[in-house]
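Structure, as structure tokens:
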2 protein chains.
Amino acid sequence: MQTPTLRDVADAAGVHPATASRALNPATRGLVNAETARRVIKVAESLGYRPNPIARGLKTAKSGTVGLVIPDLTNPLFPPIVRGIEDVLEPAGYSGLIVNTDNDPHRERQQIESLRSRQVEGLIVATALLDHPLLGQLRREGVLMVMVNRRPESVDVPSITPDDATGIELAVRHLVELGHRRIAHLAGPLNTSTGLVRARAFRSAVRDLGLEDDPALVAHCDYWSEDAGAAALRALLDSGTEFTAVVAGNDLIALGCYDVFAERDIDCPRDVSVVGFNDMPFLDKLRPPLTTVSVPHQQIGGEAARLLLDAIADPTRPSRSVLLPLTLVVRGSTAPPR
Amino acid sequence: MQTPTLRDVADAAGVHPATASRALNPATRGLVNAETARRVIKVAESLGYRPNPIARGLKTAKSGTVGLVIPDLTNPLFPPIVRGIEDVLEPAGYSGLIVNTDNDPHRERQQIESLRSRQVEGLIVATALLDHPLLGQLRREGVLMVMVNRRPESVDVPSITPDDATGIELAVRHLVELGHRRIAHLAGPLNTSTGLVRARAFRSAVRDLGLEDDPALVAHCDYWSEDAGAAALRALLDSGTEFTAVVAGNDLIALGCYDVFAERDIDCPRDVSVVGFNDMPFLDKLRPPLTTVSVPHQQIGGEAARLLLDAIADPTRPSRSVLLPLTLVVRGSTAPPR
DNA sequence: CCCGCTGCTGCAATCGACTGCACAATCCGC
DNA sequence: GCGGATTGTGCAGTCGATTGCAGCAGCGGG
């Protein structure tokens with residue numbers, strides 16, 4: 001006998017499996033004599049009994065798993081989020097099934113399909129595609145889900161997002177306080193909600209702080225990548241527009257700036273200041289260490305998991321959304337303009 | 001009716017559920033009339049039938065999941081490994097359940113216990129503890145597993161490990177070719193197999209290349225961390241031992257060196273050269289960019305998953321182990337000595 | 001002294017898919 | 001045209017845990 005079953009426990013305790021089941025389940029324990037329950041529990045322990053979640057899941061139609069849909073675990077953004085999720089899921093007796101979509105809508109469909117056939121009880125979605133028809137469909141089919149890092153525009157889905165707008169404002173304000181007046185923005189892809197939100201926030205922050213809102217000062221990146229960031233900065237430089245500071249759409253784009261600085265012999269922060277976004281690991285090891293907006297990724301993951309567990313516990317509960325506050329981490333890449 | 005069951009398909013196709021089951025399962029399809037099979041399959045498709053893996057698992061005692069035991073997903077070493085694993089698991093119809101142990105043996109036990117109760121079919125273990133009694137116990141209990149990044153000493157378990165010894169030799173040889181003669185080693189914790197193997201490999205590489213094997217040149221770090229690396233380098237520096245280059249046990253330890261360089265105004269690579277190990281992301285963004293030994297993490301993960309799947313398919317097959325070749329990535333942190 | 005209630009426990013069905021066995025239909029050779 | 005081999009299909013039990021319902025004992029009240 002590999003691992004003892006409920007029946008083994010019941011036999012050893014001299015009761016019916018049904019009684020053993022009730023004794024072992026805290027929710028139904030009240031139905032059984034306290035003395036009997038104690039005995040059953042004791043026997044279960046001594047036998048090293050572990051309920052088989054597969055069998056349990058068959059009857060209860062619950063799998064104890066949730067799906068985590070992310071673009072790519074290799075992107076340093078996601079591990080802390082996943083970790084935060086797992087840390088909340090685990091004590092609740094749940095676990096997460098991770099799939100990587102590589103931002104390929106087709107793959108995404110497939111992966112979600114595969115998760116559903118694995119009977120996940122809900123989905124935590126961190127992919128960044130905007131206005132996805134799949135989203136509405138899943139909603140209609142009653143699939144529970146929580147979005148991370150993006151707030152769906154049309155559909156009513158609970159979400160956990162960093163307060164991007166305030167984060168950008170933090171960055172701009174910091175630069176203004178240092179004395180910068182011509183601040184550029186290297187925006188992320190505008191077909192992603194974060195890219196869009198941050199770009200908008202940038203322009204309104206600039207206006208709010210009494211600076212000129214010059215459209216020539218914002219350049220767009222096609223991807224959230226170093227290369228795209230470098231390309232955008234080069235274009236901006238070549239356009240002849242004057243600026244003394246850059247707010248990058250995220251840290252990778254900021255890293256692209258570093259490449260251009262090296263390439264064109266620009267001294268950061270003496271010639272140009274840069275602020276990133278996300279606070280990826282090891283940014284403090286760069287020369288100069290990157291000033292950036294810090295996002296509490298692990299906390300975001302934790303909140304997302306909590307929201308999903310709530311939804312599982314009571315699917316009728318109205319969907320709640322959370323906006324998490326951000327902080328600015330000032331390091332060496334920002335200084336007063338010359 | 002939420003999702004159609006096998007019975008629904010069978011009814012719609014006018015056959016018995018048993019027949020439908022056989023028709024749908026490629027392994028047993030031969031038992032049923034080709035025409036009937038075709039019809040059943042067609043009906044299944046049109047109904048959008050998805051076999052319920054929970055029910056299937058109950059009968060077949062297979063869950064389609066494997067457990068991934070890692071210390072901490074947040075450590076940049078692991079995401080690529082996990083990604084490599086998932087990429088192999090997924091097409092095979094398996095998926096991975098990740099648990100983080102934080103290198104806490106107690107937590108590790110618990111987590112593995114929890115994975116087992118979830119009926120995982122095997123374990124991929126990437127935790128670095130040496131000589132773990134748990135290991136032998138699991139073996140005896142017939143739990144299939146594969147180790148990543150470490151080769152168990154006593155027990156016969158398949159493993160995938162980078163060829164650390166050759167990697168270290170690559171690093172030392174590179175430094176020697178640059179003209180270094182006094183090369184130090186900041187070894188990782190010696191109670192981890194990688195720490196031990198690399199430290200040994202360092203000394204034998206030094207000897208093989210005709211350098212003096214001075215014990216004063218190797219310092220030990222208590223952890224694989226920046227702080228530990230910095231502390232070890234400080235101790236070495238304070239001891240007055242002369243050296244012009246450092247081979248760090250891994251990249252984090254090398255990063256610790258950077259901190260000390262900044263602190264003591266040491267110019268890398270002019271005063272001291274440094275080589276890391278692992279090639280974490282973004283090392284090329286450091287000043288100076290870190291020369292390091294590159295480990296094919298994703299490939300390691302993939303191989304590990306393949307090994308485990310093999311073992312699942314045929315548990316009697318003798319356990320195989322793989323040593324993956326490494327390469328040296330020369331960047332800016334190494335130069336000829338002054 | 002009997003009825004009815006409460007508190008426990010057991011019985012048996014159920015979840016959905018798989019599978020050994022039996023049986024029916026078909027086909028072949030002699 | 002008959003016996004035996006060969007397919008193809010159905011029946012029913014199984015995996016392990018859960019749960020509605022029934023039954024039983026004990027107890028108090030009328």
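These numbers were taken from a predicted model, which means no experiment stands behind them. By convention in this document, chain letters (A, B, ...) are assigned in the order of the sequence lines, proteins followed by strands, and residues within each chain are numbered from 1.
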Donor-acceptor under 3.5 Å (B:Arg29 side chain, B:Arg22 main chain):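 Judged by distance alone, no pair lies under 3.5 Å.
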Is there a donor-acceptor pair under 3.5 Å between the side chain of A:Gln111 and the backbone N or O of A:Asn100?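 Answer holds: yes.
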Contact interval (first through last nucleotide) of DNA chain C with protein chain A, 4.0 Å heavy-atom: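 Result: C:dC8 to C:dG16.
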For A:Thr5 and D:dG16, is the shortest distance between a side-chain N/O and OP1 or OP2 below 4.0 Å?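 Indeed not, no polar side-chain atom of A:Thr5 lies that close.
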In terms of heavy-atom contacts, does CZ of B:Arg107 have more than 12 from other residues, nucleotides or ligands at under 6.0 Å?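 Correct, the count exceeds 12.
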Quantify the bending of the helix from C:dC1-D:dG30 to C:dC30-D:dG1 as the angle between its end axes, each fitted on five pairs, to 10°.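 Answer rounded to 10°: the end axes differ by 60°.
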Considering heavy-atom distances to DNA chain D, does B:Val32 or B:Thr60 have its closest nucleotide positioned more toward the 5' end?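 Per heavy-atom nearest nucleotide, the more 5' residue is B:Val32.
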Which comes earlier along DNA chain D counting from the 5' end, the contact point of B:Lys59 or that of B:Thr19, where each point is its nearest nucleotide?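 Residue closer to the 5' terminus by nearest nucleotide: B:Thr19.
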Ion pair present between [X] and [Y], side-chain N to carboxylate O less than 4.0 angstrom?
X        : Y        : value
A:Arg306 : A:Glu303 : yes
B:Arg38  : B:Glu35  : yes
A:Glu86  : A:Arg83  : no

Identify whether any heavy atom of B:Leu31 sits under 4.0 Å from a base atom; if not, whether one sits that close to sugar-phosphate; answer base, sugar-phosphate or nothing.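 Answer is base: heavy atoms of B:Leu31 come under 4.0 Å of a base.
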